[in-house]
Amino acid sequence: MNRLCWAILAFVALAGWGLAMAFKPPGPKDRIGAIGSTDGLAPELLRAFAPDPKFFEPIPAPGPGPKDWLANHPEEGQTFDQFVHSKPNRPQGPRKILYLQPLGEFDKDKAPPLEQLRTFTAAYFMVEVKILEPLDVFKTRITTRKNQHTGKRQLLTSDLRATLAKRLPDDAFAVLGLTMEDLYPDPKWNYVFGEASLKERVGVYSFARYDPSFFGEEPGPDVKTTLLRRSCAVLAHETGHMFGIQHCIYYRCLMNGSNNLEETDGQPLHLCPVDLRKLQWNTGFDLLERDKKLLAFTKETGLVDEAAWLTRRIEVIGGNPGK
């Protein structure tokens, strides 16, 4: 898949959205079929990929109006078998390190801590993750504009991707540019939170709009935790695309498309059985080890709901439900 993934959180003028074919959620048979045949899998993998309703909720029908992603983008989905046949990029051989490239300044009071993002990304994808030295993007040719709604500066994502592609390390599986600057992918778009190119193996993601002060709002008592969770979500979602995973239409899942911040906040930080199997197939990680690392991270950073979910999952995957 070589096309750009203009993935999530873009408020655009969606003229004619009501004319789109209505999305119908897949039924139980289609959801199970999307996971693929599990014959011959180890018991731990069988437990991990089981569509247990205590952990995985089927995706509901989108609400009316342009608010929900699937109301505007009735996607066909991607099964596990389709994913494998697409021959996605894999972190193998000399290209196996994920690099995080800070773009511009990261104010410690308004930005998620880069080391926490590195720890989360390494645990989520079970690959080596390194942070590069910050890059002053304004010393390169980056197109900017002033957003007509917010009055704030925005950077053109295609220019940022081109800059990252030129600086791609030889051992990089991918380079993920992170910025507190607002982004836009095209003059017709209002903004975008993330964009990735699988062919170039680069992506760029903005955390600017996760900070309440971006909209002139007073931060709440849990603002740092909220900012971290949202930042982890967009980083994991867009990085998932770098591994060849398309938007999920089967369950509530981190890889669901999203049309707005409210929709994103309502999505889980975990992958559904379909997409978890794709990622595990891609990198071959130990599922129990992965969940234990993620549990340690969520406990340390105060992501309470995610920690509780992971605690129950570890019991099931480890073969000790209820302990």
Side-chain angles (χ1 to χ4, degrees), residues 1 5 30-59 77-93 95-98 119-129 173-174 176 196 198 201 232-233 235-256 267-298 306 309-321:
M1 183 173 63
C5 176
D30 289 330
R31 290 196 301 271
I32 293 174
I35 298 171
S37 173
T38 56
D39 293 344
L41 292 182
E44 182 180 286
L45 296 180
L46 289 174
R47 291 190 290 268
F49 302 145
D52 189 335
K54 295 192 298 292
F55 295 101
F56 306 109
E57 180 185 351
I59 197 166
Q78 179 194 48
T79 68
F80 170 74
D81 290 337
Q82 289 171 334
F83 167 78
V84 173
H85 292 154
S86 73
K87 298 180 179 180
N89 293 335
R90 304 179 75 176
Q92 297 176 331
R95 295 177 176 178
K96 56 185 179 182
I97 297 177
L98 265 178
T119 301
F120 169 77
T121 307
Y124 206 91
F125 295 96
M126 293 295 282
V127 296
E128 185 176 1
V129 180
F173 167 69
L176 315 175
L198 304 189
R201 294 182 290 121
C232 286
L235 181 55
H237 178 106
E238 296 294 347
T239 306
H241 287 310
M242 303 295 289
F243 283 85
I245 303 174
Q246 296 181 17
H247 283 151
C248 181
I249 66 165
Y250 300 102
Y251 296 89
R252 287 195 179 275
C253 174
L254 174 87
M255 295 307 297
N256 295 149
Q267 294 169 351
L269 199 57
H270 60 258
L271 296 171
C272 74
V274 181
D275 294 320
L276 180 63
R277 188 175 184 193
K278 294 173 187 175
L279 185 60
Q280 196 279 332
W281 176 90
N282 190 303
T283 64
F285 55 71
D286 181 294
L287 280 160
L288 200 54
E289 180 186 0
R290 174 182 182 267
D291 280 359
K292 287 180 178 178
K293 288 185 176 182
L294 286 172
L295 177 60
F297 175 83
T298 55
E306 286 75 12
W309 189 90
L310 284 163
T311 298
R312 294 185 290 117
R313 284 293 291 171
I314 288 170
E315 293 174 349
V316 170
I317 294 175
N320 299 301

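Treat the numbers as computed from the prediction; the structure is a model and nothing was measured.
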* To do: Taking the side chain as every heavy atom from C-beta outward, state whether R31 and P51 have any pair of such atoms under 4.5 Å apart.
  => no
* Asked: Which atom names give the shortest non-hydrogen contact between P273 and A50, and what distance separates them?
  -> CG-O, 4.0 Å
* To do: Find out whether L41 and F49 are in side-chain contact, i.e. whether some heavy atom of one side chain is under 4.5 Å from a heavy atom of the other.
  => yes
* Would a distance-only check, ignoring hydrogens and angles, find a side-chain to backbone donor-acceptor pair under 3.5 Å from Q82 to T79? -> yes
* Can D286 and K293 be said to form a side chain to side chain contact (heavy atoms under 4.5 Å, CB included), step by step? -> CA-CA 11 Å; D286 181 294; K293 288 185 176 182; over 6 Å; no
* Asked: Atom NE2 in H237, atom CG in L235: separation rounded to 0.5 Å?
  -> 11.5 Å
* Asked: Under 6.0 Å from the CZ atom of R95, do we count more than 12 heavy atoms belonging to anything else shown?
  -> no
* Structure fact -> Closest heavy-atom pair, G240 versus F125, reported as atoms and distance to 0.1 Å, is N-CZ, 3.7 Å
* State, to 0.1 Å, how close N89 and M242 come at their nearest heavy-atom pair, and which atoms those are. => CB-O, 4.0 Å
* Would a 4.5 Å heavy-atom cut-off, applied to side chains only, mark F297 and T119 as touching? -> yes
* Kindly indicate, with the supporting measurements, whether the criterion side chain to side chain contact (heavy atoms under 4.5 Å, CB included) is fulfilled by D275 and F83. => CA-CA 9 Å; D275 294 320; F83 167 78; over 6 Å; no
* Less than 4.5 Å apart, any side-chain heavy atom of I314 and any of L295? -> yes
* Asked: Can you find a pair of side-chain heavy atoms, one from L176 and one from L98, that are under 4.5 Å apart?
  -> yes
* Classify the ring geometry between H247 and H241 as parallel (under 30°), tilted (30 to 60°) or perpendicular (over 60°). => perpendicular
* Structure fact -> Rounding to 0.5 Å, atoms CZ (R277) and CH2 (W281) come to a distance of 10.5 Å
* Structure fact -> One should read off an interatomic distance between F243 CZ and M255 CE, to the nearest 0.5 angstrom, of 11.0 Å
* Asked: Which heavy-atom pair separates L287 from Q280 by the least distance, and what is that distance?
  -> CG-CG, 4.0 Å
* Asked: Which pair of non-hydrogen atoms, one from F120 and one from A236, has the smallest distance, and what is that distance?
  -> CE2-CB, 3.8 Å
* Asked: What's the spacing between S37 OG and I32 CD1 if we round to 0.5 Å?
  -> 12.5 Å
* **Verdict with supporting geometry, K96 and V127, side chain to side chain contact (heavy atoms under 4.5 Å, CB included)** => CA-CA 7 Å; K96 56 185 179 182; V127 296; over 6 Å; no
* Asked: What are the two closest heavy atoms between P91 and T283, and how far apart are they?
  -> CG-CG2, 3.8 Å
* What do the steps show when you test K278 against N282 for side chain to side chain contact (heavy atoms under 4.5 Å, CB included), and what is the final call? -> CA-CA 6 Å; K278 294 173 187 175; N282 190 303; over 6 Å; no
* Can you tell me how far CD1 of I35 sits from SG of C272, rounded to the nearest 0.5 angstrom? -> 7.5 Å
* **R252 NZ/CZ over F56 ring centroid, <6.0 Å and within 45° of normal** => no
* Gap separating the CG atom of L269 from the OH atom of Y124, nearest 0.5 angstrom -> 5.5 Å
* **Q246 (side chain) donor-acceptor with Q78 (main chain) under 3.5 angstrom** => no
* Looking at F55, does the NZ or CZ of R313 lie under 6.0 angstrom from its six-membered ring centre and within 45 degrees of the ring axis? -> yes
* For the side chain of N256 and the backbone of Q267, is there at least one donor-acceptor N/O pair under 3.5 Å apart? -> no
* Asked: Taking the side chain as C-beta and beyond, is there a heavy-atom pair between L254 and H270 under 4.5 Å?
  -> no
